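When a residue number appears, it is its place in the shown sequence, counting from 1. Small disclaimer: the values here were computed from a predicted structure and weren't measured.
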Amino acid sequence: MVNVRMSIPAFSIGGVPVKNGVFLAPLSGVTDASFRALAAETGAGLVVSEMIASEDLIKGGEDATRKLRAAEDGPFIVQRAG
């Protein structure tokens with residue numbers, strides 16, 4: 001496992017503490033829960049979900065609700081469309 005040492009100080013966004021300024025950008029079909037957990041474990045201060053269609057979320061679609069699950073501790077951003 002890679003252990004990344006970062007000198008970017010902790011800060012907060014809207015009162016939510018973020019351990020550093022390294023963010024995982026959303027990538028369709030890539031940033032699933034397992035990938036987000038790996039990024040968080042290796043030092044990302046903030047991770048973002050794949051795009052979730054609002055209509056699918058309202059209908060309770062399995063894929064949409066799966067993307068909402070956080071697989072890591074700490075801040076987690078959900079990206080919605082529509």
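- Put simply, the side chain of S54 gets close to the backbone of G82: a donor and an acceptor are under 3.5 Å apart.
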Step-by-step side-chain contact (heavy atoms from CB on, under 4.5 Å) determination, L24 to F35
CA-CA 10 Å; L24 171 67; F35 188 80; 3.6 Å; yes
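- When the side chains of ILVMFWY residues are joined at heavy-atom separations under 4.5 Å, either directly or via intervening members, F76 and V16 end up in two distinct hydrophobic clusters.
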Donor-acceptor pairs under 3.5 angstrom involving side-chain atoms of residues 56-63: please list them, not counting sequence neighbours.
{"residue": "K59", "atom": "NZ", "partner": "E55", "partner atom": "OE2", "Å": "3.0"}
{"residue": "D63", "atom": "OD1", "partner": "R66", "partner atom": "NH2", "Å": "2.1"}
{"residue": "D63", "atom": "OD2", "partner": "K67", "partner atom": "NZ", "Å": "3.4"}

Can you give each donor-acceptor pair under 3.5 Å made by side-chain atoms of residues 45-52, sequence neighbours left out, with the distance rounded to 0.1 Å?
{"residue": "S49", "atom": "OG", "partner": "Q79", "partner atom": "N", "Å": "3.1"}
{"residue": "E50", "atom": "OE1", "partner": "G29", "partner atom": "N", "Å": "2.7"}

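- Annotation: the span from T31 atom OG1 to L38 atom CG amounts to 12.5 Å, rounded to 0.5 Å.
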Apply the test side-chain contact (heavy atoms from CB on, under 4.5 Å) to residues F11 and N20: give CA-CA distance (whole Å), side-chain angles for both, the deciding distance (0.1 Å), then the verdict.
CA-CA 7 Å; F11 61 98; N20 61 52; 5.8 Å; no
